[in-house]
Amino acid sequence: MTLSATVFDLDETLVDSATTWNRVFAAVATRHGEPWTPADWAAIQGKSTAHWGAHLASRCPGLTPESAVAECVDGMIAAVRRGEFGLVPGAADLVATAVELGPVALVSASPRPYVEAAITTFGLPFRTTVTGDDVAHGKPAPDPYLLAAQRLGLAPARCLAVEDSSSGIRSAHAAGMTVLAVPNPAAARDFAALGLAEHQATDASVAAKIVDGLLSRR
């Protein structure tokens with residue numbers, strides 16, 4: 001089936017936010033008297049908001065999952081507005097290429113207030129945005145990508161998903177989308193997930209060329 005739209009992940013696919021997320025998690029844990037370790041970070045990477053909120057609350061007795069999420073989101077919004085991180089190199093051209101070829105959507109596991117702050121700050125022009133707040137079952141379940149296709153008015157098979165994480169690749173594939181993986185280091189080690197991606201790129205600039213080739217065939 002011909003591809004007509006592009007659906008992007010946000011964190012580490014388009015914005016270089018991982019280091020800042022980790023710093024914010026550590027700051028929240030420290031504020032509540034607990035250390036934040038590399039093992040903690042590894043345990044939550046690519047996971048849903050519900051997962052990392054529960055994990056942080058389990059480490060910090062003074063937090064509930066809801067308050068953990070709220071504190072982290074506030075920290076990330078402040079970091080966005082202070083310019084502590086930016087777009088991944090080549091991401092602006094990648095999105096611009098996709099916009100020229102069809103509708104563009106965003107599917108992020110992150111909470112909506114942070115997502116909206118990021119896309120506003122960086123001027124990312126999405127037709128529709130699905131966040132972790134919009135679905136009961138987040139990545140790697142197919143629900144977020146299915147909702148994005150529904151909002152675009154397209155069959156999932158007509159959408160190209162651009163993802164960096166194993167959970168995101170699995171989610172988009174389960175929804176029936178063609179997947180272009182631009183894998184982060186953790187995903188690069190997950191060969192089973194990468195095997196679900198029809199296309200791979202080493203960076204956003206290479207991904208832009210692949211998007212151009214795939215959607216220009218309409």
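Everything numeric in this text was worked out from a predicted model, so none of it was measured. Sequential numbering from 1 along the given sequence is applied to the chain's residues.
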Run the side-chain contact (heavy atoms from CB on, under 4.5 Å) check on Ser110 and Asp11 step by step: do they pass?
CA-CA 8 Å; Ser110 295; Asp11 291 299; 2.8 Å; yes
Using the side-chain contact (heavy atoms from CB on, under 4.5 Å) rule, take Leu106 and Val130 through it: C-alpha gap first, then chi angles, then the decisive distance, then the call.
CA-CA 6 Å; Leu106 181 77; Val130 175; over 6 Å; no
Please assess Asp190 against Arg170 for the test side-chain contact (heavy atoms from CB on, under 4.5 Å), listing each intermediate value before the final yes or no.
CA-CA 11 Å; Asp190 189 341; Arg170 294 178 189 278; 3.2 Å; yes
Take Asp134 and Arg112, measure what side-chain contact (heavy atoms from CB on, under 4.5 Å) needs, and give me the verdict at the end.
CA-CA 8 Å; Asp134 298 324; Arg112 181 165 289 279; 2.6 Å; yes
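Heavy atoms only, all atoms of each residue included: His173 and Leu196 are closest at CD2-O, 3.3 Å. The two residues Ala68 and Ala57 come nearest to each other via the heavy atoms CB-N, 4.4 Å. The shortest non-hydrogen separation linking Ala181 to Ile169 is CB-CD1, 3.8 Å. Scanning both residues, Pro144 and Val107, for their nearest heavy atoms gives CB-CG1, 3.5 Å.
With a 4.5 Å cut-off on side-chain heavy atoms, Thr20 and Asn22 do not count as touching.
A donor-acceptor contact shorter than 3.5 Å links the side chain of His51 to the backbone of Ala43. At least one donor-acceptor pair closer than 3.5 Å links the side chain of Thr49 to the backbone N or O of Ala109. With Thr121 contributing its side chain and Ala117 its backbone, the two residues share a donor-acceptor pair below 3.5 Å. Although no hydrogens or angles enter the test, the distance criterion places a donor-acceptor pair under 3.5 Å between the side chain of Glu198 and the main chain of Val179. A donor-acceptor pair under 3.5 Å links the side-chain atoms of Arg151 to the main chain of Thr129, judged by distance alone. Judged purely by atom type and a 3.5 angstrom limit, Glu12 uses its side chain to pair as donor or acceptor with the backbone of Ser17. A donor-acceptor pair under 3.5 Å is absent between the side-chain atoms of Thr13 and the main chain of Leu10, judged by distance alone.
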Check: residues 78-93 side-chain donor-acceptor pairs under 3.5 Å, at least two apart:
| unit_1 | atom_1 | unit_2 | atom_2 | d |
| --- | --- | --- | --- | --- |
| Arg82 | NE | Glu84 | OE2 | 2.6 |
| Arg82 | NH2 | Glu84 | OE2 | 2.7 |
| Glu84 | OE1 | Arg23 | NH2 | 2.6 |

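Sorted by first and then second residue, the ring-ring contact (aromatic ring centres under 6.0 Å, His included) pairs with a member in residues 11-47 read Trp21-Phe25, Trp21-Trp52, Trp21-Tyr114, Phe25-Trp36, Phe25-Trp52, Trp36-His55; sequence neighbours excluded.
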